[in-house]
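To start, the structure itself, in structure tokens.
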Amino acid sequence: MENFLQVFLVATSCAIVLNVIFKKFEIPTIIGYIVTGVVISSLYNFQNSTELSHIAEFGIVFLMFTIGLEFSFKHLLAMKQEVFLNGSLQVLICGLVCSFVALGILGLNEKISIIIGLSLALSSTAVVLKILNDNGDINEQYGRKALGILLFQDIAVIPLLLLVDIFSTENSDISQLLLTTFISVLLLLLLLYLIGKYLIDRVFRFVIKASSQEIFIATILFIVIGASFLAHYFGFSYSLGAFIAGALIAETRYKHKIEADLVPFRDLLLGLFFITVGMQINFEVVFQNWFLIGILVILISFIKFGVVYGLLILYTKKRIAFKTAFAISQIGEFALAIFSLLQGRELINLETAQILIVVSIITMILTPFILNNIKKIANVVEDKSNTELNPLSFSKPTIKDHIVIFGYGRLGQEVVQRIKNTGVPYLVLESDLNLVELGISRGENICFANAAQEETLKIANIEQCSVVVITVGNEAKLDMLYQSIANYPKPIQTIVLTSGNLEKILFSNANNFTHIIKAEQALARTLVQEALECRIQKSN
């Protein structure tokens, strides 16, 4: 335990320093985490920490859960071409070609070459989706196609792990293994479906009545980890269970608040995952096989790019096919786990495992630079500066030039009613579930969310709204919310109602984009206007 804490402290301090330095040169934080892992591995002379790896694995779990929140099973079926057609063809064709590479270049036997070939066909969900979410490209057509293929790849991990079991177990009954897996899939889906349909909503309603943010977050963590453990119990990956749990909650009114609350945990654990990736590099093996590693990086990336581009160019624009192919041309984190598993079962030797791991890591390191410059790269191929935006219907709200209203109390309800009469699009954010239910019963465009969190502001598409109206009366909440909006990278036109001395206390440093309305003055104007109208009527 003491050694783990020491490693953890050194890793976090090193990651902070490196990422602060890298940020000045616009180098992605993922690279900082991987370099941190390399430093830790050098300092402590080992390739991994078991405790750290187990914690880091939940970075992928939370990522898959938040991805699941963007879906319902209805929407997953709506993406059947991206997920099931493109995904299956990509895995099978890439897997077959990469199997020949493993067979010919690495000199492995046929069975192991098939497993390694299919592993190399997998791309990095952690790297690609983090960057696509950060830069907003997840809402573009190429982001949708990349996401669909990545989702199928995560599902494909199940039969791939089954293959490892079949090839590593002597005299195994293959038909029995297949039957057991099929039954396990049915039981897992049935259990999670029943829990999602009959328990989730009741649990959240009960927890929210306690009005405790800590209990709410603890409940989310329990659901994520519980679903992951349930999937693992039935022999599947933790991340698959988390994804299914997210998809079950996707249709509930708690979706946006859960997503905003989970982001800090997800990003922290993803950082730990990338640290463990860097810790797996053995430089002695790298230096001895640097030429082979370089050849494999180029060859496998080219194969994956070519297969995806060839599939998509048949029915979509060249630019979209090009960007999608570049986005998923790397080798993924699940491949790292499978290579380590093969080595642990002595199906491949240490040197082969290290070569494959380093090749995978290099492609993952290159990916952020490619994705952050994907539009420039695509412009070289096709001279079009415009992007092919096609927002997903199940994604974050995509309304523009709308009014965002924070709070649905009495004042908020009156503001919403008057805005509705004008026909201007609007979105209400409210953290009180009773008020959210009231708004839903009235047909309002309202979301249950913690409005003081940056992720919630992104969900509300606040960058493209026309104005923000804050109707919150609580002084602490008003201050927290206003500071969150005022510190947003892009200036936001904001209207705030204040009373008493709140203007001096909370808004002494208000910018030119803040419009402060004093409650006493507004009320006085209304009273005087009504009084004058009464006087005129009496005179007449």
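Below, each value reflects all heavy atoms present in this structure, side chains not excepted, and no hydrogens, waters or symmetry copies.
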Task: pair Ile446-Glu430: side-chain heavy atoms closer than 4.5 Å - done: yes

TODO: With side-chain contact (heavy atoms from CB on, under 4.5 Å) as the test, would you mind laying out the steps for Leu103 and Leu108 before giving the verdict?
DONE: CA-CA 5 Å; Leu103 187 65; Leu108 302 172; 5.8 Å; no

TODO: Over all heavy atoms of both residues, which pair between Ile365 and Ile31 is shortest? Give the atoms and the distance, please.
DONE: O-CD1, 3.3 Å

Task: Counterpart residues, side chain to side chain donor-acceptor pair (under 3.5 Å), relative to Glu346 (two or more places apart) - done: none

TODO: Please name the pair of heavy atoms, one in Ala146 and one in Ala327, separated by the smallest distance, quoted to 0.1 Å.
DONE: CB-CB, 4.4 Å

TODO: Go through Ile328 and Phe305 one step at a time and tell me if the side-chain contact (heavy atoms from CB on, under 4.5 Å) criterion holds.
DONE: CA-CA 7 Å; Ile328 57 174; Phe305 175 89; over 6 Å; no

- [ ] Would you check if Ile223 and Ile200 make a side-chain contact, meaning some heavy-atom pair closer than 4.5 Å?
- [x] yes

TODO: Walk me through it: do Lys145 and Leu312 pass the test side-chain contact (heavy atoms from CB on, under 4.5 Å)?
DONE: CA-CA 9 Å; Lys145 295 186 184 305; Leu312 298 184; 4.2 Å; yes

Task: Cys98 vs Ile303 side-chain heavy atoms within contact, under 4.5 Å - done: yes

- [ ] Could you pull out all residues at least two apart from Phe234 that satisfy ring pair (Phe, Tyr, Trp, His ring centres under 6.0 Å)?
- [x] none

Task: Nearest heavy-atom neighbours spanning Ile114 and Ser99 - done: CA-OG, 3.5 Å

TODO: List for me each residue that meets side-chain contact (heavy atoms from CB on, under 4.5 Å) alongside Ile183, sequence neighbours excluded, and say none if there are none.
DONE: Leu179, Leu187

TODO: Using side-chain contact (heavy atoms from CB on, under 4.5 Å) as the criterion, list what pairs up with Leu350, not counting sequence neighbours.
DONE: Gln343, Gln354

- [ ] Would you mind listing every ring pair (Phe, Tyr, Trp, His ring centres under 6.0 Å) that reaches into residues 205-231, with sequence neighbours excluded?
- [x] Phe204-Phe216

Task: Ser301 side-chain N/O to Ile298 backbone N/O, donor-acceptor pair under 3.5 Å - done: no

Open item on the list: Would the distance check show the side chain of Gln330 and the main-chain N or O of Ser124 forming a donor-acceptor pair, the cut-off being under 3.5 Å?
Closed with: yes

Task: Side chains of Leu160 and Ser119 in contact at under 4.5 Å (non-hydrogen atoms) - done: yes

Open item on the list: Do Phe448 and Ile208 make a side-chain contact, defined as non-hydrogen atoms from C-beta onward lying under 4.5 Å apart?
Closed with: yes

TODO: Please assess Asn445 against Val428 for the test side-chain contact (heavy atoms from CB on, under 4.5 Å), listing each intermediate value before the final yes or no.
DONE: CA-CA 6 Å; Asn445 187 19; Val428 185; over 6 Å; no

Task: Lys304: partners by salt bridge (Lys or Arg N to Asp or Glu O under 4.0 Å), with sequence neighbours left out - done: none

Open item on the list: Taking the side chain as everything from C-beta on, heavy atoms only, tell me whether Phe65 gets closer than 4.5 Å to Ile258.
Closed with: yes

Task: Smallest separation among heavy atoms of Cys94 and Ala121, with atom names - done: CB-CB, 3.6 Å

Open item on the list: Quick check: do Phe339 and Ile115 have side-chain heavy atoms less than 4.5 Å from each other?
Closed with: no

Open item on the list: Name the residue from Leu292, Ile348, Ile112 that meets the side-chain contact (heavy atoms from CB on, under 4.5 Å) definition with Leu106.
Closed with: Leu292

